[in-house]
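Just so you know, ligand 1 is whichever comes first in the structure, and atom 1 is the first atom listed for that ligand.
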Amino acid sequence: MSNAFEEAQQQLRRALAVYPVSEGLRVRLAHPEREVTVSIPVQMDDGSLRVFEGYRVQYSSLRGPYKGGIRYHPDADINEVRALAFWMTFKCAVAGIPMGGGKGGVTVNPKTLSTGEIERLTRGFVQKLAPILGPQRDVPGPDVGTNAVVLGIIADEYSKIVGKPTPAVATGKPIHEGGSEGRAAATGAGGMYTLMALLPHLTKKKPRDMSVAIQGFGNVGSFLARYLAKEGFNVIALSDSRGGIYSDKGLDSDAAEKHKRENGVLEGFSGTKNITNEELLELPCDIVVPAALENAITKKNAKKIRAGIVLEMANGPTSTEADDVLFKKGIQVIPDVLANGGGVIVSTYEWEQNLKGEHWSEKEVLKKLRILLTRESKNVYDRSKKLKTDLRRAAFALALERLDAALSKKYSNI
Ligand code: NAD
């Protein structure tokens, strides 16, 4: 059982110490509004029947419909999904988008399932969740282990259940099924925009003089590597769940991706040395990027981190104890609720396009994303100066201010 939710609540308590809010909001943020656990029977290809457990946590609807990805992972449990739903609430508020916070998950290793089994599992999950989903109620998106195909199936199954095409019920769909241009790249691109907006405040160095190590070479990590390289940063290390690669001279992430596609692993990529995931985080570099799962940086390894900046692209990669160690070492942490907001922001653009029957170009989408994240990064930085605190507490404070405003608008008697 993960303790991610306890970590998330700890972050909230620390933010409340520098930015106190009404009791009405504090009490609400300590508990999710609704949690649903479902059993999903799935006919397997060999004819057997297996039952999978699925979850949806609807944490807060103060600022709009619940919004958050669906994770397919063997370690997904209600506690983890609850923490992720909590972070979504803050992420949407930091971004200023009209969405609440939610998250879903199924305890499954999708790599062990055929495409047919994944489709039946996904349709079964939607059948169980349909009463609580809807474009104005709860809008799932992708997360670890799910992709555009899965999200397309979610929208299709929901549309069948309600008897009319309802693409706005899910985001991150394939383009020809109502997906948004730029959605796949959004989280990685957003990480780069956030970093570029904050960089002049954090260091005198220029991107071309800075090296980056990225843990997690999936959707988020691979796009981020590409965008950072375009800005001139030197990507020196990459990793996936099986291990990593490193070259102090820098490596070509597109070629590494090709190597992984052809060989199934990053290891053995020419001109690089194989390293472990632990070693990657401790490399001498300017920026380290956890872009895999929660709890990558803990009290145990935080003291060994040598980068000056941690760019949190995964959700909840740094424990609060590690935060304190990094702070004492003068390492700046750009928090997940700001840095990886690109995905949910473009998901919200997709929802908006579906509701209006529009289709925006990738250039338009990424321009809107850049403007929004540049503005909110500055907002977070300014708050950190005003409150004399770190960027995580400052981002939480910005979200708390917006959530408090939404609460007083909804329930003026509290
Ligand atoms: P993904 O499944 O595409 O990729 C995850 C990557 O992490 C893979 O390369 C996998 O091999 C690697 N990995 C898994 N376990 C690992 C471990 N123990 N050590 C090192 N690497 C490991 O998932 P993703 O969509 O890229 O998401 C990555 C992170 O970003 C997650 O924390 C997710 O919640 C977060 N996130 C994703 C999005 C999005 O739009 N996809 C948005 C916001 C946040």
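Of the possible polar contacts, one joining the Lys329 side chain to the Lys303 backbone as a donor-acceptor pair under 3.5 Å is found. Remark: the backbone N or O of Ala168 is not paired with any side-chain donor or acceptor of Thr166 at under 3.5 angstrom. A distance-only check finds no donor-acceptor pair linking the side chain of Glu282 to the backbone of Arg306 [under 3.5 Å]. Put simply, the side chain of Asp286 gets close to the backbone of Ser211: a donor and an acceptor are under 3.5 Å apart.
Looking at Glu231 and Arg208, no side-chain N of the basic residue comes within less than 4.0 Å of a carboxylate O on the acidic one, giving no salt bridge. In this structure, Arg383 pairs ionically with Glu401, as a charged nitrogen and a carboxylate oxygen lie closer than 4.0 Å.
By heavy-atom distance, the residue among Gly141, Gly145, Ser241, Gly188 lying nearest atom 2 (O) of ligand 1 is Gly145. When the heavy atoms of Asp143, Asn219, Thr187 are ranked by distance to atom 3 (O) of ligand 1, first place goes to Asn219.
Checked by distance only, ligand 1 and Lys91 stay at 3.5 Å or farther apart across all their nitrogen or oxygen atoms. By the 3.5 Å distance cut-off applied to N or O atoms, Ala291 is not counted among the residues near ligand 1.
Counting the atoms of ligand 1 from 1 in the order shown, those under 4.0 Å from a heavy atom of Val220 are 24 (P), 25 (O), 26 (O), 27 (O), 30 (O), 37 (C), 38 (C), 39 (C), 41 (N). Listed by atom number, the atoms of ligand 1 under 4.0 Å from Gly216 heavy atoms are 7 (O). Interface atoms of ligand 1 facing Val144, defined by a heavy-atom separation under 4.0 Å, are 2 (O), 23 (O), 27 (O), 31 (C), 33 (C). Listed by number with element, the atoms of ligand 1 under 4.0 angstrom from any heavy atom of Asn315 are 32 (O), 33 (C), 34 (O), 35 (C), 36 (N), 44 (C). Near Phe217, with a cut-off below 4.0 Å to any heavy atom, the atoms of ligand 1 are 9 (O).
Between Tyr227 and Tyr193, the ring planes lie tilted relative to each other; the angle falls in the 30° to 60° range.
Trp360 carries Lys368 over the face of its six-membered ring, with the cationic atom under 6.0 Å from the centre and within 45° of the normal.
Remark: the Thr389 side chain and the Tyr19 side chain contain no N/O donor-acceptor pair separated by less than 3.5 Å.
The nearest protein atom to atom 5 (C) of ligand 1, hydrogens excluded, is given as Gly218 CA, 4.2 Å; this is a heavy-atom distance. Regarding atom 30 (O) of ligand 1, its nearest protein heavy-atom neighbour is Met313 O, 3.4 Å. For atom 43 (C) of ligand 1, the nearest non-hydrogen atom of the protein is Asn340 O, 3.5 Å. Scanning the protein for heavy atoms near atom 18 (N) of ligand 1, the closest one is Leu293 CD1, 4.8 Å. Of the protein's heavy atoms, Ala292 O, 3.1 Å lies nearest to atom 29 (C) of ligand 1. Atom 19 (N) of ligand 1 has its closest protein heavy atom at Asn277 ND2, 3.3 Å.
Note on ligand 1: Arg183 sits in its first shell, one or more heavy atoms being nearer than 4.0 Å. Look at Arg242 and you'll find every heavy atom at least 4.0 Å from all atoms of ligand 1.
Between the CD atom of Glu352 and the OG1 atom of Thr171 there is a distance of 12.5 Å, given to the nearest 0.5 Å.
Counting protein heavy atoms under 4.0 angstrom from atom 25 (O) of ligand 1 gives one or more.
Every residue two or more places apart in sequence or in another chain that forms a ring pair (Phe, Tyr, Trp, His ring centres under 6.0 Å) with Tyr381 is listed here: His201.
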